[in-house]
Amino acid sequence: MASDKKDYYETLGVSKTASDDEIKSAFRKLAKKYHPDNKSTGDEKKFKEVGEAYAVLSDANKRKQYDQFGHAAFDGASGGGYGGAGGFSGFSTEDIDLESIFRDFFGGNPFGSSSRSSSRSSRGEDTLVRINLDFEEAIAGCKKSITLSLNETCKKCNGAGGFDPITCKTCGGTGRIIIEQRSLFGVYQTQSVCRDCMGTGKVFKETCSDCHGTGLIKENKEIVVTVPAGVDTGYQLRISGKGAAGKNGGPNGDIYLEFNVKPHELFVRQEEDIYLEVPLTITEAILGCKKIVPTIYNNIEVDVAPGTQNGTKVRIKGKGVVIPNTSRKGDMYIIYNVIIPNKLSSKEKSLVKELETLDLENASEFKKFKKYVK
């Protein structure tokens, strides 16, 4: 269970405010220490733990989700789908290629031979796309068509990178070369990936002209995205397996969509609640009235109580935003704004003067105020 796992920051021995460089440095040190081929301190279990921690904390999106939701952010991630409110289920820890991460750091295995082949398949890269939405589109949900430029498996060579493979003469088909170096302590050997065959042990008589030996080509890809009702700025959505193609038959990466919602000229959103300022005339506030008020769904009629004060807030239950991928809704809050006219005709001034006959001087607010007037 994810809840049984050790905290990733604790695993790497860094603080939660650690910089990218501090995280890389901590991983470098621990990966060397626990690599299974390190005969003195190797520990495969711990090596996997530090690799998993680094895979999450070195990725800005995954780290953000981990900081917010902990290990639960990645529960069931391999099944795809949407995340919780304001988030997403990021990735599957089963997708982590520890040897690939290790090679990126050290250019090979510094401890000797390894049974793992560098020609193994690897997962494609994830892609982040930012999408602008109108307020109404975010509230109601919608479909969006997006065009992406992604790595796809080369059709000409089926991802191989070339034709007529032969054994690499540089490494003799092992995919690795051994380099001897002298130091004050004697001669020692290091092993690295063969640069001629990139660790596959094979080279091609003919390189593919379409992909230039990479096995991948850039293609424009159009997909239609269903945006769930209730998303807000910063909300991220994962589309599983629709990202860049993997290498050597590896699975595709994922596409992450991050939304930016334009503000509305009337409604103000705060998480799942909606706030609306409703103007009232002086007479409406004094006498009370029935008022037609818009919501994000339809118009409703509300009763304005006699004597309503400026700034009075009224809750309308269930007229807020749908919480994404649920049937629950927030609430709507009406805030009354009593409008005081700044230009009056002679007749209007005369009518207002008549209001002075109202017995307001004995109201508690006036009494409290006059108590301190010298």
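What you see is a predicted model; the values in this text were computed from it and never measured.
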Starting from the C-alpha separation in whole Å, work towards a yes-or-no answer on side chain to side chain contact (heavy atoms under 4.5 Å, CB included) for L128 and Q236. CA-CA 9 Å; L128 176 64; Q236 290 184 322; 4.0 Å; yes

Side-chain donor or acceptor of [X] paired with backbone N/O of [Y] under 3.5 Å:
{"X": "T153", "Y": "G159", "value": "no"}
{"X": "T207", "Y": "G162", "value": "no"}
{"X": "Q309", "Y": "G307", "value": "yes"}
{"X": "D126", "Y": "D254", "value": "yes"}
{"X": "E22", "Y": "S19", "value": "yes"}
{"X": "N310", "Y": "V338", "value": "yes"}

Verify whether one side chain among [X] and [Y] offers a donor that lies under 3.5 Å from an acceptor in the other.
{"X": "S209", "Y": "K156", "result": "yes"}
{"X": "S149", "Y": "E219", "result": "no"}
{"X": "Y66", "Y": "D7", "result": "yes"}
{"X": "Y8", "Y": "E52", "result": "yes"}

For [X], all residues meeting side-chain contact (heavy atoms from CB on, under 4.5 Å), sequence neighbours excluded:
{"X": "T11", "result": "K6, E49, V50, A53"}
{"X": "T295", "result": "Y297, N298, I300, K319, M332"}
{"X": "H264", "result": "F135, E136, L266, F267"}

Should the ring pair F27 and Y54 be called parallel, tilted or perpendicular, given that the plane angle runs from 0 to 90° and is split at 30 and 60? parallel

Is the closest side-chain heavy-atom distance between [X] and [Y] below 4.5 Å?
{"X": "L237", "Y": "V227", "answer": "no"}
{"X": "V225", "Y": "V129", "answer": "no"}
{"X": "I166", "Y": "K205", "answer": "yes"}

Same cluster (ILVMFWY, side-chain, under 4.5 Å), [X] and [Y]:
{"X": "I217", "Y": "L150", "value": "no"}
{"X": "L216", "Y": "L148", "value": "no"}
{"X": "F163", "Y": "V203", "value": "no"}
{"X": "Y9", "Y": "V56", "value": "yes"}
{"X": "I339", "Y": "V278", "value": "no"}

Co-members of I292 in a cluster of I, L, V, M, F, W and Y side chains, linked at under 4.5 Å: none

Check which hydrophobic residues are tied to Y333 through side-chain heavy-atom contacts below 4.5 Å, counting indirect links as well, and list them. V268, Y275, I335

Other residues, nucleotides and ligands only: do more than 12 of their heavy atoms fall within 6.0 Å of NZ on K144? yes

Is it the case that more than 12 heavy atoms not belonging to K46 sit under 6.0 Å from its NZ atom? no

Would I296 and V321 count as a side chain to side chain contact (heavy atoms under 4.5 Å, CB included) if you check the C-alpha gap in whole Å, the side-chain angles of each, and the deciding distance to 0.1 Å? CA-CA 8 Å; I296 58 175; V321 183; 4.2 Å; yes

Can you list the steps and then say if L276 with I316 is a side chain to side chain contact (heavy atoms under 4.5 Å, CB included)? CA-CA 11 Å; L276 174 66; I316 310 296; over 6 Å; no

Can you sort out the partners of E125 under salt bridge (charged side-chain N to carboxylate O under 4.0 Å, His left out), two or more places apart, ordered by chain and number? none

Of all heavy-atom pairs between K64 and G234, which one has the smallest distance, and what is that distance? NZ-O, 4.3 Å

The single option from L287, L280, I282, I286 passing side chain to side chain contact (heavy atoms under 4.5 Å, CB included) against E284: L280

Taking atom NZ of K16 and atom CG of L57, what is their separation to the nearest 0.5 Å? 10.5 Å

Could you walk me through whether E137 and K262 pass salt bridge (Lys or Arg N to Asp or Glu O under 4.0 Å), step by step? CA-CA 10 Å; E137 290 177 321; K262 297 177 184 178; over 6 Å; no

Is it true that E152 and K221 make a salt bridge, defined as a side-chain N closer than 4.0 Å to a carboxylate O? yes

Under the criterion salt bridge (Lys or Arg N to Asp or Glu O under 4.0 Å), which of R269, K313, R315 is the partner of D331? R315

